[in-house]
Amino acid sequence: MNSQAEVQITGFSGRAWEKDLLDCGYRIALHKAEVELSPGNGFRFTFSMPEDGYAELDLFARSDSDWAATDRESAFVRLYLNEAYNQDVILYYGSSQGVYTRLLGYLKEGDYEVYAEFRELESAPLVSRAWIDGVELRCVADSSPRSLIYRHTPLLYGRNLSHPYENRFTDTPLVLFYSIEVNEGKTVIEYQMMFSHEDEGTPAPLLMSKWGRTTDIEWMYRVELDAGGNVLEAVFQGAHHITTAFNGNYDLGGHPVLQSATTNGNFKDDISSDYRFMLPPAFQWKPEEEPREAVMSRFPFAYQVTGWEMERQQELEMPSQASSIALAHQRSYVFIQTSKHPLRDSDRESAPASKPGFNRREEDACVDVQLRLHGSEQWYSSCHHDLRLGEFRAAYEGAESHFSTTIKLSGEAVLEDIAEIRAVLLEGGADSMEVAGLCAFTLNEDNLPQFPGIRTDRVIELTRIQPVGVLWAADKDVSGDEEHPVNDMVKQAVDEPSSQDGEP
């Protein structure tokens, strides 16, 4: 088995951010192994539950697959618990060892046996083998306060629209996370799933501008509980993003059952698929503090997997051109995370406050993030200067205050080449916005984030009169209240056609 440090590099375990992660119980079993899985040759191991609770499994595994190669995308492994079908694991990380974490369900105290079986027909046509290097099992006790989050974790059946096992090669589930809100004796838990991509929805060229990623992150299931933990309401995100009452079944010890139902990451509660996954709640997202894309920073292997999927499914622009909206390799982008908040007008003090971490649409406005390179006056825009493609706007329009985007450059993006980063208030919506904080980073040759990157806590105010403000400059201190020289020219630079993306 790889060392824990080696596993952390790709972010499968996520333990580099241990303070943000859900306490995932105590270890109850550890098996080291070097077992080859092939047709007719599986792997069997046992464990004991010392008390009632939730069993969580880490499967250290690899296969002769390649997520970037057609017909070699992944191996398909089926898990049985005490000879009963439990769930499946898609091995998408190729010949490198991945840590695939699964929630086996709610189990009573006692002894259990797991059997892992290689499924030849469900695996990619050119994949014939997989290897298990070890397993670790943990117990989240029923008596633990953390069990509340585990108790309502949804069991997800795979998508079967164009192929009976299409998550084997596209839009595969990567990480489940959650947010929680407690108010007036009620608790609301919302579960979100990150998929490797979405086959339809936002056009691929705009994904990097609008969301700062090519993964698909969707809220999946939301449950409201009373002070005693009883369910008051349970809903899920149905087709066309419609919030839908949950009327489905429960399985594996009381978990709500959903199915991936659309090519843009929506769900249904009537099941027509015969393969399934139950990912554990990996960490708590706090929308008032960070964007949803924080999950990719905690589990950076997601950048690799979605990048491989883009290499296989999309015609990537090579070499990349900043003046083009065409999708390029992820190393051609500067990844940006920041936040925007409406400045409250004294005449609107009586307006209801927004939910923490979210903006009321009528008080919100879009913000463009731009950068300039050393030795150039050219400004490169995250939304290609407010590009529109039919009904889609390249700028981020979501409700969350914290958001992510990217800025495309020609060739490989290098942070040291950046001279300044600024924010621009776009047309429509609120007349004044506050932009707070900045994290900018690029990906290394292994397609993993290079941190710490560029970071600042600077806060700027944008108005229709002064629509541009500097968030960061390489050779100037912009942390104080003094006016930055660039602000004298910003309105002219924004209005002139020469500010469009492209080479100077």
Side-chain angles (χ1 to χ4, degrees), residues 63 65-77 87-94 98 100-102 119 122-125 127 154-177 191-208 210-221 236-241 257-269 271-279 282 292-293 295-296 299 301-316 327 330 392 447:
S63 64
S65 62
D66 182 350
W67 193 252
T70 300
D71 290 338
R72 287 193 59 207
E73 298 92 348
S74 68
F76 192 107
V77 174
Q87 62 185 288
D88 304 292
V89 183
I90 305 295
L91 305 185
Y92 46 71
Y93 206 62
Y100 301 89
T101 305
R102 295 294 181 266
R119 303 282 287 193
E122 290 87 346
S123 296
V127 174
L155 170 65
L156 178 66
Y157 275 77
R159 203 174 75 193
N160 62 348
L161 298 176
S162 64
H163 185 281
Y165 304 101
E166 62 188 89
N167 288 144
R168 187 263 292 160
F169 58 86
T170 191
D171 298 359
T172 201
L174 298 179
V175 177
L176 181 77
F177 60 105
Y191 297 87
Q192 307 234 0
M193 181 66 80
M194 177 171 63
F195 298 94
S196 57
H197 184 51
E198 62 175 5
D199 284 340
E200 293 183 347
T202 303
L206 297 189
L207 284 171
M208 296 296 276
K210 197 172 190 67
W211 303 107
R213 51 182 163 84
T214 54
T215 57
D216 183 27
I217 301 176
E218 301 285 351
W219 81 267
M220 181 179 176
Y221 178 76
F236 65 94
Q237 183 181 187
H240 309 293
H241 306 287
V257 180
L258 292 171
Q259 180 176 325
S260 182
T262 69
T263 51
N264 63 336
N266 295 167
F267 307 91
K268 65 179 184 177
D269 60 2
I271 307 305
S272 61
S273 170
D274 65 358
Y275 69 117
R276 65 190 189 185
F277 326 95
M278 189 152 65
L279 281 64
R292 285 195 299 178
E293 291 70 26
V295 67
M296 297 184 69
F299 300 90
F301 75 90
Y303 286 100
Q304 296 176 308
V305 177
T306 190
W308 296 330
E309 193 162 328
M310 295 306 94
E311 290 177 27
R312 172 165 47 87
Q313 294 185 350
Q314 304 289 330
E315 275 192 45
L316 299 182
L327 187 66
Q330 292 183 104
F392 294 98
N447 298 322

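Worth saying up front: this structure is predicted, and the values here are computed from it rather than measured.
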Within the 4.5 Å heavy-atom criterion, are Ser272 and Asn160 side-chain neighbours or not? yes
Taking every non-hydrogen atom, the tightest pair across Ser74 and Ile90: OG-CG2, 3.4 Å
Closest approach of Ser196 to Thr170 (non-hydrogen atoms, all atoms of both residues): OG-C, 4.3 Å
Who pairs with Glu166 by salt bridge (charged side-chain N to carboxylate O under 4.0 Å, His left out), at least two apart in sequence or on another chain? Arg159
Provide the closest heavy-atom pair for Gln87 versus Arg276 in the form atom of the first, atom of the second, distance. CB-O, 3.5 Å
We want to know whether Gln192 and Glu218 form a side-chain donor-acceptor pair, criterion being a heavy-atom distance below 3.5 angstrom. no
Testing the basics here: between Asn264 and Asp216, what is the closest heavy-atom pair and its distance to 0.1 Å? O-OD2, 3.5 Å
Specify the closest pair of heavy atoms between Leu207 and Thr214, including all atoms of both residues, with the distance to one decimal. CD1-CA, 4.2 Å
Are the side chains of Phe195 and Thr172 in touch, meaning some heavy atoms are under 4.5 Å apart? no
Test log, rule side chain to side chain donor-acceptor pair (under 3.5 Å), inputs Thr215 and Thr306: CA-CA 6 Å; Thr215 57; Thr306 190; 5.6 Å; no
What heavy-atom pair brings Arg292 and Phe177 nearest, and what distance separates the two atoms? O-CZ, 4.3 Å
Are Asn167 and Phe277 close enough that some pair of their side-chain heavy atoms sits under 4.5 Å apart? yes
Pairs touching residues 306-315 that satisfy salt bridge (charged side-chain N to carboxylate O under 4.0 Å, His left out), sequence neighbours left out: Glu73-Arg312
Mutual orientation of the aromatic rings belonging to Tyr92 and Phe301 [parallel < 30°, tilted 30-60°, perpendicular > 60°]: parallel
For Asp274 and Tyr165, does a side-chain donor sit closer than 3.5 Å to a side-chain acceptor? yes
Taking atom types as modelled and ignoring hydrogens, do the side chains of Gln304 and Tyr93 form a donor-acceptor contact shorter than 3.5 angstrom? yes
Quick one: are the ring centres of Tyr221 and Phe236 less than 6.0 Å apart? no
